[in-house]
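Below is one structure, written out as C-alpha cells; the observations come after it.
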2 protein chains.
Amino acid sequence: MGEVSIPIGKLARSVGCKVQTIRYYEQIGLLPPPTRTAGAQRRYGEGHRQKLSFIRHARELGFPLPAVRELLALSDETDSDCAKADRIARRQLEAVNRRIAMLSSLRSELERMLRHRHGHRIRDCRVIATLADHTLCSQDHHAELAES
Amino acid sequence: MGEVSIPIGKLARSVGCKVQTIRYYEQIGLLPPPTRTAGAQRRYGEGHRQKLSFIRHARELGFPLPAVRELLALSDETDSDCAKADRIARRQLEAVNRRIAMLSSLRSELERMLRHRHGHRIRDCRVIATLADHTLCSQDHHAELAES
DNA sequence: CTAAAACCTATAGTGACTGGAGCTTCAAGC
DNA sequence: GCTTGAAGCTCCAGTCACTATAGGTTTTAG
C-alpha cells in the first residue's frame, strides 16, 4: 500500500493518450522516468498521472512543448526563484487571456449561426471574419500593409 | 482599382506567418490558389488575407487542420447543406466551450499564484492539478483505472 | 506451467510546418 | 530602358511532436 504503481498501458488509457507518447515524453525529459520492475517494465505513481494529464490538456489547448515545460517548472520551482516563476506565470497568463478572448468571439459567432439557422438560410456566415480579426493577436503585425 | 493584389511576402507579414506556410496551405488545398503575374508570382486579394488570418488563429488555438477545414467550409457552404453546416457548428461550439472552460481554470490558478506571490513564498503551486482535472475532457477516459 | 496480452527497444513514417539551394522576376533608382 | 538587389519561384531536406511497425521479452490469468 505504499505506492499506486500502474503499468504504462493503463496510464495511457487513463489520460487518453498513446503508450508511445508517454515513452516519448520521458525520452525528451518532459516526464520523469518511472520506477521499473525486475523485468524492466515501467510502473507509474499518481504524481506521474497528474503531470501527464496536465501535459495532454495543455497540448490540446495549443501550448507548444516549451511553454508546457515552463508551466511544469512553475510547480517544481517551489520557491527557489520566485522572480523567475513570476515572470513565467505572468507571461503565460497573458497568453491564456488572449486565447480566451479569441475563443469567446468564435463562440458567439457559432452561437449566432446556430440561432439564425433556425430561421433558415443564413446569408453571409461571419465565422471567418470573427477569428480573422487581428485586434487580439500576440504579435503586432498590425499596421503592416500600410506602407508602399 | 479593381482588386488589392498583394505579393506573398507582404501577405505573410500582415498575418504574422512564414511565406512557405502560405505556399504549403495552397499545396494541401486549404487556401485557394491566387492569381499569378505573367512571371508566375502569386498575387493575393483581401479574401485570401481573411481566410489565412482565420487559419492562423484557429491553429494557434489548437484546432487541428481537419477542424479548420470544417470551419472554413461553414462559410463557403452558404446555404447548400444547412443540416451539415449545423452539425459542424454545433460540434465545434462544444469544442470551443471545453477549451474555454479549461483555459478559465488555468487562468484563475495563474492569477492566484501571482496574487499570493506578493505575500512571498507560495507553497504548493496547483497549476498542474488545475489542468490535470479530467472533468472537462472531450474523451471519456474517466472511470478508467477503476477495474482490476 | 502455459499462452495471450501487455511490455520492451529501435527505427521508420506522418502531419504541419520551416529552411536552404539554385534560379527567375519585379520594381526602384539612375 | 537598364541595372541590380530584394523578393519570388520550385524542389527537396530537416524539425517537432507524435504514431506505427518489427521483433523480441515479461506479466498475468487460467
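Labels below follow one simple rule: chain letters A, B, ... track the order of the sequence lines, proteins then strands, and each chain is numbered from 1.
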Is B:Arg23 salt-bridged to B:Glu26, cutoff N-O under 4.0 Å? no

Does this structure show an ion pair linking B:Arg112 with B:Glu109, if we count only N-O contacts that are shorter than 4.0 Å? yes

Whole-Å distance separating the [atom1] atom of [X] from the [atom2] atom of [N]:
X: A:Lys10; N: C:dA6; atom1: NZ; atom2: P; result: 10 Å
X: A:Ile28; N: D:dC18; atom1: CD1; atom2: C1'; result: 9 Å
X: B:Gln20; N: D:dG8; atom1: CD; atom2: C1'; result: 12 Å
X: B:Leu31; N: C:dC17; atom1: CG; atom2: P; result: 12 Å
X: A:Gln27; N: C:dT11; atom1: CD; atom2: P; result: 11 Å

Is the terminal nitrogen or CZ of A:Arg69 (NZ for Lys, CZ for Arg) located under 6.0 angstrom from the six-membered ring centre of A:Phe63 and within 45° of that ring's axis? no

Check every strand shown and say whether A:Arg23 touches a base, only sugar-phosphate, or nothing at a heavy-atom separation below 4.0 Å. base

Contact class for A:Pro64 vs. all strands (heavy atom < 4.0 Å): base, sugar-phosphate, or nothing? nothing

With nearest nucleotide decided by heavy atoms, which residue, B:Arg43 or B:Arg56, maps closer to the 5′ end of DNA chain C? B:Arg56

Note: for A:Arg36 and B:Lys18 on DNA chain C, the residue whose nearest nucleotide lies more 5' is A:Arg36

Under 3.5 Å, is there a donor on one side chain and an acceptor on the other for A:Gln41 and A:Arg43? yes

Can you tell me which nucleotide in [options] comes closest to the side chain of [X]?
X: A:Val19; options: D:dT27, C:dC17, C:dC7; value: C:dC7
X: A:Gln41; options: D:dT27, D:dT10, D:dT19; value: D:dT27
X: A:Thr37; options: C:dC7, D:dG8, D:dT26; value: D:dT26

Between [X] and [N], is there a contact of a side-chain N or O with OP1 or OP2 at under 4.0 Å?
X: B:Arg42; N: D:dG8; result: no
X: B:Tyr24; N: C:dG15; result: no
X: B:Thr21; N: C:dA16; result: no

